[in-house]
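Since the structure is predicted, the reported quantities are computational estimates derived from the model, not experimental observations.
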Amino acid sequence: MKHKSLNREINKYIIDVKSYLICDWRTRQKFLKDLKNDINDFVDEKEDVTMDDIRDRFGEPEKISRSFLEGADLKKIKIRMNFGRTIIVGVIAALLIWLGALLFTVFHPYVEEPKTYMVEYMHDETVEGEVIGGIV
């Protein structure tokens, strides 16, 4: 029972660390996965580990995120974040174009267009005085 409550506290601790991290998704996920593995290894090595022991060993969430940012390659993180934004903007633009085309195809038949008629008459008999193709 204690192990479940400790796992719950560890997950909350990881979420707290995550809330302080400012980086791209992939870097954040890798860092959090490594942190969780390190915490699990620490818990497996020791008996009767408490959350206070984990905080003493790894530090407070703010401190962990600060040390992560100090050791991180900020150029690489910035490039990944900009790439992610570019992808999101591209997907939104494609969805808007698709939505515009869909709306056009749905509402186009109902838009009033100017009515133009061409009338042709055909006669079975020849009418006197009528010129067809220059022959009388």
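Qualifying ring-ring contact (aromatic ring centres under 6.0 Å, His included) partners for F31, counting only residues two or more places apart in sequence or in other chains: F68. For K18, there are no side-chain hydrogen bond (donor to acceptor under 3.5 Å, both in side chains) partners at least two apart in sequence or on another chain. Partners of K30 according to the salt bridge (charged side-chain N to carboxylate O under 4.0 Å, His left out) rule, which considers only residues two or more places apart in sequence or in another chain, are D34. Here D52 pairs with nothing under the salt bridge (charged side-chain N to carboxylate O under 4.0 Å, His left out) rule; sequence neighbours left out. Contacts of K12 classified as side-chain contact (heavy atoms from CB on, under 4.5 Å), with partners at least two apart in sequence or in another chain: D16. Residues meeting the side-chain hydrogen bond (donor to acceptor under 3.5 Å, both in side chains) test with N11, sequence neighbours left out: K36. Residues passing the side-chain hydrogen bond (donor to acceptor under 3.5 Å, both in side chains) test with D38, sequence neighbours excluded: none. Not counting sequence neighbours, D44 has no partner by the side-chain hydrogen bond (donor to acceptor under 3.5 Å, both in side chains) test.
In this structure, the separation between CG on L32 and CG on L21 is 5.5 Å, given to the nearest 0.5 Å.
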Show me the donor-acceptor pairs, under 3.5 Å and distance only, between side chains in residues 53-65 and residues at least two apart or in other chains.
residue : atom : partner : partner atom : Å
D53     : OD2  : T50     : N            : 3.1
D53     : OD2  : T50     : OG1          : 3.3
R55     : NH1  : E60     : OE1          : 3.0
E62     : OE2  : Y20     : OH           : 2.9
S65     : OG   : P61     : O            : 3.3
S65     : OG   : E62     : O            : 2.9

All N/O donor-acceptor pairs, side-chain side in residues 89-100, below 3.5 Å, sequence neighbours left out:
none

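Under the 4.5 Å side-chain heavy-atom criterion for ILVMFWY residues, a single connected hydrophobic cluster contains both F42 and V17.
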